[in-house]
Amino acid sequence: MPRTATGESSLTRAIRILTAFTPEEPALPVTEIARRTGLPNATASRLIAELAAHGLLERRPDRLISIGMRLWELAARASPAVSLRDAAMPFLEDVHTVVGHHAQLGVLDGTDVLFLERLSARDAVINYSRVAGRLPLHISSSGHILLAHGGDALRQRILNGPLPARTARTVVDPAELAAVLADTQRLGYTLLRGHVHEDAAGVAVPVRNGMHEVVAALSVIVPNDARAESYVPVLLAAARGISRRIAENRSDSRMR
């Protein structure tokens, strides 16, 4: 594969271009992509043209560059997250019907929660998560679930910081966060009030596979009031249903 004078391959530079986009900025000018990737404008423009020719990027009428449909198609076809989302969707829809605000499914990716799905309502409480969006593990209810069950190495990495705050209630003291995570393991759920936004509460439970490993977090974002904790039984029941569906799907795939 062709390499630059610095030893960096064309594939590496292409990946840097693809990862320059964010959920908040899904379309960027070529000059901004070049700035974010550290590539010369001419190099960035050439690689963008090649990626666009394969449908991985798209050049819009306003001259901005965005992710192409071909990339979405390939990702959807290959990702193991698709089967997890498909198994969870009927139960996620039931939770959303009961709660009437936000119901979402998140998985661990590095030091973040990556949200695979989110169902919302028009007048729902504010929520900063979004499909294919991320939040740091230490600030969200889904993150606390995944961090509590993510192993000692991951917990220590997060506890070593930094732990930036989103609100005055975000847990940023390592000792306090360790205690909260221990409670999360013991209780089997977590309730965070006002950690991402003062008006919202996050309630989350673990989703396990057939080997009892935590593979996702099922959560709701609801108003920060006395009713928030009442949604725990609904979430626990839905998480058990998803776990059964995951185990059934695995069993079916083995039999084929």
Side-chain angles (χ1 to χ4, degrees), residues 1-85 104-118 127-140 142-143 146-147 150-151 153-166 170 172 196-197 216-217:
M1 184 170 294
R3 293 182 176 271
T4 65
T6 62
E8 185 178 60
S9 68
S10 296
L11 177 60
T12 297
R13 290 180 292 164
I15 291 171
R16 282 164 58 191
I17 288 174
L18 294 174
T19 55
F21 302 91
T22 69
E24 294 77 20
E25 297 171 293
L28 297 167
V30 173
T31 53
E32 178 60 16
I33 295 173
R35 187 191 70 79
R36 293 187 181 191
T37 57
L39 296 171
N41 283 350
T43 301
S45 182
R46 176 177 59 79
L47 289 172
I48 288 168
E50 291 182 18
L51 291 167
H54 291 285
L56 303 179
L57 291 178
E58 178 181 339
R59 193 180 298 273
R60 303 190 335 184
D62 59 6
R63 302 180 65 83
L64 295 180
I65 307 300
S66 62
I67 296 294
M69 288 296 291
R70 178 63 172 165
L71 186 60
W72 171 86
E73 178 189 1
L74 293 172
R77 186 184 305 162
S79 174
V82 174
S83 59
L84 174 59
R85 177 191 174 277
Q104 51 197 27
L105 184 74
V107 295
L108 177 67
D109 190 49
T111 58
D112 296 327
V113 185
L114 176 63
F115 291 96
L116 304 184
E117 186 58 83
R118 189 189 81 172
N127 182 13
Y128 289 127
S129 66
R130 64 184 70 190
V131 176
R134 297 171 178 267
L135 284 176
L137 291 173
H138 74 283
I139 72 167
S140 67
S142 294
L146 297 169
L147 188 53
L154 176 62
R155 282 193 296 276
Q156 197 56 54
R157 180 181 177 187
I158 299 300
L159 291 173
N160 286 342
L163 299 171
R166 285 290 182 94
T170 305
V172 295
V196 181
H197 190 280

Would you say [X]'s side chain and [Y]'s backbone share a donor-acceptor pair under 3.5 angstrom?
X: S45; Y: N41; answer: no
X: D112; Y: L114; answer: no
X: R118; Y: L105; answer: no
X: T43; Y: L39; answer: no
X: H138; Y: P164; answer: yes

| message | Using a strict threshold of under 4.0 Å (side-chain N to carboxylate O), is an ion pair present between E117 and R130? | response |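 No, no charged N to carboxylate O under 4.0 Å.
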
| field | R60 atom CZ: more than 12 heavy-atom contacts under 6.0 Å | value |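 Yes, because the 6.0 Å sphere around CZ of R60 holds more than 12 heavy atoms from other groups.
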
Could you tell me the separation between the [atom1] atom of [X] and the [atom2] atom of [Y], rounded to the nearest 0.5 Å?
X: L64; Y: E32; atom1: CG; atom2: CD; value: 11.0 Å
X: L74; Y: L56; atom1: CG; atom2: CG; value: 6.5 Å
X: L154; Y: T111; atom1: CG; atom2: OG1; value: 8.0 Å
X: R157; Y: L159; atom1: CZ; atom2: CG; value: 12.5 Å
X: L57; Y: I17; atom1: CG; atom2: CD1; value: 7.5 Å
X: I48; Y: E58; atom1: CD1; atom2: CD; value: 13.0 Å

| message | Evaluate T22 against R36 for side-chain contact (heavy atoms from CB on, under 4.5 Å), listing each step before the verdict. | response | CA-CA 11 Å; T22 69; R36 293 187 181 191; 4.1 Å; yes

| field | Residue pair I65, I33: steps toward the side-chain contact (heavy atoms from CB on, under 4.5 Å) verdict | value | CA-CA 9 Å; I65 307 300; I33 295 173; 3.8 Å; yes

For [X] and [Y], which heavy atoms make the closest approach, and how far apart are they?
X: P26; Y: F21; result: O-CD2, 3.4 Å
X: L137; Y: G110; result: CD1-O, 4.2 Å
X: L146; Y: L108; result: CD1-N, 3.5 Å
X: S129; Y: F115; result: CB-CE1, 3.6 Å
X: L18; Y: I67; result: O-CD1, 4.1 Å
X: V113; Y: S140; result: CG2-OG, 3.6 Å

| message | side-chain contact (heavy atoms from CB on, under 4.5 Å), that's the test. Do R13 and E8 meet it? Break it down for me. | response | CA-CA 7 Å; R13 290 180 292 164; E8 185 178 60; 2.8 Å; yes

| Looking at side-chain heavy atoms only, is the closest gap between L147 and I158 below 4.5 Å? |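 Yes; the side chains approach each other to less than 4.5 Å.
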
| message | Evaluate V30 against R59 for side-chain contact (heavy atoms from CB on, under 4.5 Å), listing each step before the verdict. | response | CA-CA 10 Å; V30 173; R59 193 180 298 273; 4.1 Å; yes

